[in-house]
Protein chains: 2
Amino acid sequence: MSGTAGAGLEAALARAEAACLARGAQLTELRRQVLRLVLASPQAIGAYALLDQLRAERPGAAPPTVYRALDFLLEQGLVHKVERLNAFIGCVGPEAHAHCGHGHDHPHQFLICSKCGATAEVCDDRVAAAVAEAARAAGFAPSRTTVEVEGLCAACAGSARQ
Amino acid sequence: MSGTAGAGLEAALARAEAACLARGAQLTELRRQVLRLVLASPQAIGAYALLDQLRAERPGAAPPTVYRALDFLLEQGLVHKVERLNAFIGCVGPEAHAHCGHGHDHPHQFLICSKCGATAEVCDDRVAAAVAEAARAAGFAPSRTTVEVEGLCAACAGSARQ
DNA sequence: GCGCCGGGCGATATAATGTAACGCCGCACG
DNA sequence: CGTGCGGCGTTACATTATATCGCCCGGCGC
Ligand SMILES: [Zn+2]
Ligand SMILES: [Zn+2]
Ligand SMILES: [Zn+2]
Ligand SMILES: [Zn+2]
């Protein structure tokens, strides 16, 4: 469900490259490799799983290698961190959020299936607005918001007749 | 701002005891000690900080000691975990949420000040409803929801004239 | 050319957070 | 009694994340 397949992956990488170019950020070879791995994963992927895969192309890779790349990708909004899972997921980003006009620091929410592990990113403005409103009502000035919902995805709920 | 002071702490412990009694759960001495420490903390507190403090009264305490107590307290809804901080916070619970009729698995959101670290729990039904609505729109059956907002609390925003 | 500087990264070590597994003990139940 | 189960002590380990040092390389001023 998640994960960017085949040609879509290349297209996403090309968009990422363009976005970085536009804002003067360097999408180096290492960063591109890490981004490719994150995008290719069908689920949110942990930093160490990413590291294992990265070592196939870059034998000397160590934890800081992948964490530094992830820090960059997070700053650029090309990946997100799923806090509940301590794992990372590619942003479906530009192509999916262009319609709502959000940039690289767009509001987003995650739907995490507790059965199959699939994690979907959605972008619901009403949720974002409700959260912002609740924060302001408490005299709080929000900067970044995490919304993560655990439950059953459509596929798993459908197959669970119990 | 967070943290339950003096007599309020004792009252909160008494309420916790009553709640456990009512549902047949045992609030043992260890669990009460951990709950007291969490409630007494002015901010969300990490498991290992908790462990350090716990050792004052229970020298042999080890990580499983505190994690097991926390698991129990989380199940009972007496504490919550702040995922962004990997830290735990006492539920302001019964007295604050009684008015909205929520039980020990009530919806809640956190407002985390990035300057002073204060973490406030709020209970906004519109946020909960918006999230549930967005999830259902995606064919997703939600069970548990995490909403955590990072930003500036009223006190810090007021004092930041920069 | 030459030296300086900064970002990116290799490499090592270590910190912080969280679990697995085993066994003891006390208590409820028959 | 014996049996089972929940709570907890204890040891070891797994997972996630960061600190630090130092090299390389490319840009920039001189
Ligand atoms: Zn996104
Ligand atoms: Zn599923
Ligand atoms: Zn609560
Ligand atoms: Zn503050």
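Every chain is numbered from 1 and lettered A, B, ... according to where its sequence line falls, protein lines coming before strand lines.
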Enquirer: Using OP1 and OP2 only, check whether a side-chain N or O of A:Thr65 sits under 4.0 Å from C:dG10.
Expert: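 Affirmative; the distance criterion is met.
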Enquirer: To the nearest Å, how far apart are B:Leu50 CG and C:dT17 C1'?
Expert: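 After rounding, the reported distance stands at 13 Å.
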Enquirer: How many Å lie between OH on A:Tyr67 and C1' on C:dA11, as a whole number?
Expert: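 For the pair A:Tyr67 OH and C:dA11 C1', the rounded distance is 17 Å.
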Enquirer: I want to check one thing: is the phosphate of C:dG7, taken as OP1 and OP2, less than 4.0 Å away from some side-chain N or O of A:Gln26?
Expert: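 A:Gln26 to C:dG7 OP1/OP2: no side-chain N or O under 4.0 Å.
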Enquirer: With DNA chain D as reference, determine whether B:Pro64 or B:Glu29 sits nearer its 5' end, using the nearest nucleotide of each.
Expert: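 The 5'-side residue here is B:Glu29.
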Enquirer: Does B:Lys81 put a side-chain nitrogen or oxygen below 4.0 Å from OP1 or OP2 of C:dT17?
Expert: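 Negative; the distance criterion is not met.
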Enquirer: Rounding to a whole Å, what distance do you find between B:Leu51:CG and C:dG18:P?
Expert: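 These atoms are roughly 12 Å apart.
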Enquirer: Chain B on DNA chain D: first and last contacting nucleotide, 5' to 3', under 4.0 Å to a heavy atom?
Expert: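 Result: D:dG6 to D:dT11.
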Enquirer: Find the distance between CG (A:Leu73) and NZ (A:Lys81) and round it off to the nearest 0.5 Å.
Expert: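 Between A:Leu73 CG and A:Lys81 NZ, I get 14.0 Å after rounding to 0.5 Å.
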Enquirer: Is it true that a side-chain atom of B:Gln109 and a backbone atom of B:Glu148 form a donor plus acceptor pair closer than 3.5 Å?
Expert: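 Flag not set: sc B:Gln109 to bb B:Glu148 has no pair under 3.5 Å.
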Enquirer: Hey, what do you get for CG (B:Asn86) to CD1 (B:Ile45), rounding to the nearest 0.5 Å?
Expert: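 With rounding to 0.5 Å, CG (B:Asn86) is 13.5 Å from CD1 (B:Ile45).
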Enquirer: Would you kindly give the CG-to-C1' distance between B:Leu30 and C:dC25, to the nearest whole Å?
Expert: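 From B:Leu30 CG to C:dC25 C1': 15 Å.
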Enquirer: Quick one: are B:Leu51 and B:Tyr67 in side-chain contact, heavy atoms under 4.5 Å?
Expert: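 SC-SC contact between B:Leu51 and B:Tyr67 ruled out.
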Enquirer: Calculate the interatomic distance between A:Leu70 atom CG and C:dC9 atom C1'; express it in whole Å.
Expert: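 About 15 Å, once rounded to whole Å.
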Enquirer: If each of A:Arg31 and A:Asn86 is mapped to the nucleotide of DNA chain C with the nearest heavy atom, which maps nearer the 5' terminus, i.e. the 5' end?
Expert: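 By nearest-heavy-atom nucleotide position, the 5'-most residue is A:Arg31.
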Enquirer: For DNA chain C, determine which residues of residues 52-61 of chain A have any heavy atom closer than 4.0 angstrom to one of its atoms, and list them numerically.
Expert: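 Under 4.0 Å from DNA chain C: A:Arg58, A:Gly60.
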Enquirer: Side chains of A:Gln33 and A:Leu30: does their closest heavy-atom pair fall under 4.5 Å?
Expert: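 Yes; the side chains approach each other to less than 4.5 Å.
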Enquirer: Taking the side chain from B:Ser143 and the backbone from A:Glu150, do they hold a donor-acceptor pair closer than 3.5 Å?
Expert: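 Indeed, once roles are kept as given, a pair shorter than 3.5 Å links the two residues.
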Enquirer: Quick check against the 3.5 Å criterion: does B:Arg31 have a side-chain atom that pairs as donor or acceptor with the backbone of B:Gln26?
Expert: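 Between the backbone of B:Gln26 and the side chain of B:Arg31 there is a qualifying donor-acceptor contact (under 3.5 Å).
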Enquirer: When the nearest nucleotide of DNA chain C is assigned to B:Phe88 and to B:Arg68 on a heavy-atom basis, which residue is associated with the more 5' position?
Expert: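 Looking at the nearest nucleotide for each, B:Phe88 comes out on the 5' side.
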Enquirer: Run the numbers on A:Arg58 and A:Glu29 for salt bridge (Lys or Arg N to Asp or Glu O under 4.0 Å), then give the verdict.
Expert: CA-CA 11 Å; A:Arg58 198 172 276 257; A:Glu29 180 57 20; 5.6 Å; no
Enquirer: Going by ring centres under 5.5 Å and near-parallel planes (under 30°), is B:Tyr48 stacked on C:dT17?
Expert: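 So B:Tyr48 counts as stacking on the base.
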Enquirer: Can you check whether B:Thr119 reaches B:Gln43 side chain to side chain, under 4.5 Å on heavy atoms?
Expert: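 In short, these two side chains do not touch, never coming nearer than 4.5 Å.
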Enquirer: Rounded to the nearest Å, what distance is computed from the CD atom of residue A:Gln76 to the C1' atom of nucleotide C:dG8?
Expert: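 It is 14 Å, rounded to the nearest whole Å.
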